[in-house]
Amino acid sequence: MGIYLNPGNKSFQTIVNGTYIDKTGLIDYINSTIDTPLKLTSFSRPRRFGKSFAAKMLCAYYDKSCDSRFLFEGLEISKKNSFDSYLNKYDVIYLDMTWFISRSITKGNNVVLDMQNAVIKELKLKFSDYISENETYLPEALLSVSAKTGDPFIVIIDEWDALFREAKDDHVIQREYVQLLRGLFKAGTTTDTTIAAAYMTGILPIKKYGTESALTDFREYTMTKPGRLAEYVGFTEAEVRQLCADYQMNFEDVRTWYDGYSFSRVEHVYSPDSVMNALQEGEVLNYWTQTETFESLKEYIGMDYDGLKDAIVEMLGGGHVGIKISTFQNDMTSFNNKNDVLTLLVHLGYLAYDADKRKVYIPNLEVAEAFEDAVNNENWGIVGEAIADSEKLLEATLSGDAVAVADALERIHSSVSSVLQYNNEASLSCAITIAYYTAKRFYSIVRELPAGKGFVDIAFLPRRDIDKPAMIIELKYDKDADTAIRQIHENRYDGELKNYSGNLLLVGINYDKEAKGTDAKKHSCIIEKV
């Protein structure tokens with residue numbers, strides 16, 4: 001066993017020794033592509049979503065230098081017809097691009113040349129008679145070996161896009177890297193005879209130049225188009241339910257914090273690393289910030305593109321925003337409009353993408369807190385101030401301070417009106433959700449918009465083990481706060497609150513949209529304890 005050639009199964013054995021969620025069905029898919037026109041697979045998803053686990057799993061399964069049957073017995077792949085056909089039958093080339101970048105920086109070398117030299121050096125240890133002494137081009141070395149042995153390789157590249165992320169402004173090294181990958185995988189003599197199958201994993205989809213992919217022969221699965229591999233993006237709901245049962249954790253709490261990614265084939269997808277951290281620590285918290293800081297998010301949402309800030313504000317308020325993903329160039333620098341930035345945030349895991357509606361949204365409470373941190377540390381004016389002060393607003397509401405509540409909602413409502421039309425449901429709903437942003441930590445927020453002149457009706461239901469009253473907030477215009485309270489009494493004791501038996505606050509807000517001067521859009525408030 002080597003480092004790059006046939007790395008063995010020890011890494012996967014370590015994974016299986018812990019709490020392992022069976023994702024070996026992915027192997028059956030890769031098996032179905034071996035020695036076919038579909039043998040090149042790229043599967044990208046965010047950090048902490050199990051990319052390296054999958055790469056190490058594939059190495060353990062295909063590597064002919066070891067016997068991995070005991071690791072896969074009882075798992076899903078062992079029940080597939082393809083299991084014995086390909087188990088430990090190939091020489092595997094494993095490339096971890098983050099390792100090569102770190103190695104090359106330390107040595108002051110060109111990462112693309114350094115990687116090739118390192119792999120060729122190992123190849124020569126096993127195939128010394130088949131590779132010329134002065135060979136420095138990896139595709140040629142692999143071609144020479146397979147031509148003599150008659151055996152193709154399985155190539156697995158982990159974090160394939162690391163150069164585009166860590167050397168995002170070095171276009172020379174990026175193009176050199178792409179040319180190497182083309183040499184390895186471009187349809188023709190090298191790929192046809194040398195590569196039985198290839199699997200690349202990373203965060204970004206394959207780089208585009210103009211409208212063309214740099215590696216046109218790969219079949220891509222991404223956070224915007226996961227296709228048949230959707231169940232392997234993260235944890236499914238069934239898997240999380242079973243984990244919660246095993247660890248005696250409350251499933252609803254875990255779902256609130258880590259669910260939210262959704263695809264046509266799999267409706268609920270969870271962040272695996274966050275779920276496992278919560279289960280192992282026995283506490284549902286924000287684990288995202290342990291591996292991601294708000295700095296990268298702050299950089300992107302602060303970019304000066306028309307409509308970008310508006311879109312972020314709408315999503316902060318719980319809205320879904322339309323997006324066009326086709327112009328994204330699949331790198332960290334080639335942004336031309338807000339759609340490119342939002343698409344990148346999907347691939348980074350900060351946003352979820354609804355392919356049917358072509359809209360993006362903030363997926364869950366954990367990621368919402370990352371947005372909260374980014375906005376609080378960026379020049380977001382009154383929106384950032386409102387989020388920063390939202391805990392004070394919640395305290396004012398719970399203590400019955402109607403004047404403070406009216407003043408705060410008036411201020412944030414006015415600020416959101418510059419983003420959305422002032423007198424419509426979306427604007428008012430957005431304003432209230434932003435104003436009570438930190439309440440998400442304690443409440444499930446449910447919107448049910450009534451008919452007639454009432455625009456916003458939002459229920460705040462306390463989460464399990466939270467000692468706070470439920471709240472209903474009704475905002476009216478051209479009426480009075482009493483009317484808002486009366487409408488709550490008339491309409492709101494059904495639906496989400498039908499079986500609720502705890503304490504309840506009714507918050508009625510009214511404003512006069514026709515008023516002029518200092519009274520323009522003046523808000524009034526009544527808080528009633530039930």
Side-chain angles (χ1 to χ4, degrees), residues 21-34 36-59 61-62 76-77 80 82 95 97 154-162 164-165 181 184-185 187 191 195-208 212-236 239 260-273 323 325-326 328-331 343-356 358 360 363:
I21 299 302
D22 187 354
K23 296 292 185 179
T24 59
L26 176 63
I27 298 173
D28 190 51
Y29 168 72
I30 301 299
N31 286 346
S32 73
T33 71
I34 289 178
T36 75
L38 302 178
K39 63 185 177 181
L40 307 179
T41 301
S42 174
F43 188 12
S44 61
R45 50 203 192 276
R47 286 188 179 94
R48 310 163 341 118
F49 272 67
K51 299 185 300 299
S52 296
F53 279 23
K56 292 170 182 177
M57 173 188 73
L58 293 171
C59 285
Y61 175 79
Y62 290 113
E76 182 180 354
I77 183 60
K80 303 294 184 180
S82 68
L95 308 176
M97 289 308 301
I154 298 283
V155 178
I156 298 169
I157 304 180
D158 193 13
E159 302 286 1
W160 86 271
D161 60 328
F164 291 97
R165 293 184 277 112
L181 296 180
L184 284 170
F185 302 124
T191 302
I195 309 297
Y199 178 87
M200 297 199 312
T201 184
I203 294 174
L204 297 174
I206 293 173
K207 166 69 178 168
K208 288 197 293 187
E212 294 296 324
S213 169
L215 302 170
T216 56
D217 295 309
F218 272 83
R219 174 159 289 195
E220 285 200 78
Y221 300 93
T222 71
M223 289 297 284
T224 57
K225 297 178 182 179
R228 63 187 298 172
L229 301 188
E231 66 181 292
Y232 306 113
V233 169
F235 287 168
T236 65
E239 291 165 346
Y261 304 93
S262 181
F263 309 112
S264 58
R265 293 172 184 251
V266 182
E267 188 174 355
H268 298 279
V269 173
Y270 294 67
S271 168
D273 187 71
I323 184 178
I325 66 173
S326 60
F328 182 52
Q329 294 298 297
N330 300 347
D331 62 26
T343 305
L344 173 62
L345 294 180
V346 172
H347 293 297
L348 294 177
Y350 286 111
L351 295 177
Y353 178 63
D354 184 331
D356 294 331
R358 299 183 182 181
V360 291

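Between Tyr61 and Asn31 there is a side-chain heavy-atom pair separated by less than 4.5 Å. Annotation: side chain of Val266 is not in contact with side chain of Tyr232 (no heavy-atom distance under 4.5 Å). Side chains of Thr201 and Arg45 form a contact here, defined as non-hydrogen atoms less than 4.5 Å apart. A 4.5 Å side-chain heavy-atom check between Ile206 and Leu181 finds every atom pair outside the cut-off. Looking only at side-chain heavy atoms (C-beta outward), Lys225 and Phe263 stay at 4.5 Å or farther from each other.
Val360 pairs in a side-chain contact (heavy atoms from CB on, under 4.5 Å) with only one of the listed residues (Leu345, Ile325, Asp354, Ile323), which is Ile323. With Phe218 as reference, Phe185 is the one residue of Phe185, Trp160, Tyr199 to meet the side-chain contact (heavy atoms from CB on, under 4.5 Å) rule.
For Asp331 (side chain) and Phe164 (main-chain N/O), no donor-acceptor pair under 3.5 Å exists by modelled atom type. Between the side chain of Thr222 and the backbone N or O of Ser44, no donor-acceptor pair lies under 3.5 Å. With hydrogens and angles ignored, the 3.5 Å screen pairs a side-chain donor or acceptor of Lys51 with a backbone N or O of Pro46. Side-chain atoms of Thr236 do not come within 3.5 Å of backbone N or O of Glu231 as any donor-acceptor pair.
Asn330 meets the side-chain hydrogen bond (donor to acceptor under 3.5 Å, both in side chains) test with no other residue; sequence neighbours excluded. Listed by chain and number, the residues in a side chain to side chain contact (heavy atoms under 4.5 Å, CB included) with Tyr221 are Tyr29, Thr41, Phe43, Arg219, Arg228, Leu229 (sequence neighbours excluded). Residues forming a salt bridge (charged side-chain N to carboxylate O under 4.0 Å, His left out) with Asp158 (at least two apart in sequence, or on another chain): none. Every residue meeting the ring-ring contact (aromatic ring centres under 6.0 Å, His included) condition with Phe328, not counting sequence neighbours, appears here in chain and number order: His347. By the ring-ring contact (aromatic ring centres under 6.0 Å, His included) test, Phe49 is found to be paired with Tyr261, residues two or more places apart in sequence or in another chain being considered. In this structure Asp217 satisfies the side-chain hydrogen bond (donor to acceptor under 3.5 Å, both in side chains) test with no other residue, sequence neighbours excluded. The side chain to side chain contact (heavy atoms under 4.5 Å, CB included) check on Ser262 picks up Glu267, Tyr361, with sequence neighbours excluded. Remark: Glu239 pairs with Lys23 by the salt bridge (charged side-chain N to carboxylate O under 4.0 Å, His left out) rule, at least two apart or across chains. In this structure, the side chain to side chain contact (heavy atoms under 4.5 Å, CB included) partners of Ala196, at least two apart in sequence or on a different chain, are Ile34, Asp35, Tyr90, Pro152, Ile154. Taking Phe53 as the reference, nothing meets the ring-ring contact (aromatic ring centres under 6.0 Å, His included) condition, with sequence neighbours excluded. Scored by the side-chain hydrogen bond (donor to acceptor under 3.5 Å, both in side chains) test, Thr33 finds no partners at all (sequence neighbours excluded). The side-chain hydrogen bond (donor to acceptor under 3.5 Å, both in side chains) check on Asp28 picks up Ser82, with sequence neighbours excluded.
When all heavy atoms are compared, the tightest approach of Gly349 to Pro363 is O-CG, 4.3 Å. Annotation for Ala352 and Gly260: closest pair CB-O, 3.7 Å, computed over non-hydrogen atoms. Closest of all the heavy-atom pairs between Arg48 and Ser271 is NH2-OG, 3.3 Å. When all heavy atoms are compared, the tightest approach of Leu184 to Ile195 is O-CG1, 3.8 Å. Listed here is the closest heavy atom pair of Ile27 and Tyr62: O-OH, 3.8 Å. Annotation for Pro226 and Thr224: closest pair CD-C, 3.7 Å, computed over non-hydrogen atoms.
With rounding to the nearest 0.5 angstrom, the CG atom of Leu215 is 12.0 Å from the NZ atom of Lys207. Of the inter-residue distances, the one linking Asp22 atom CG with Met57 atom CE reads 8.5 Å to the nearest 0.5 angstrom.
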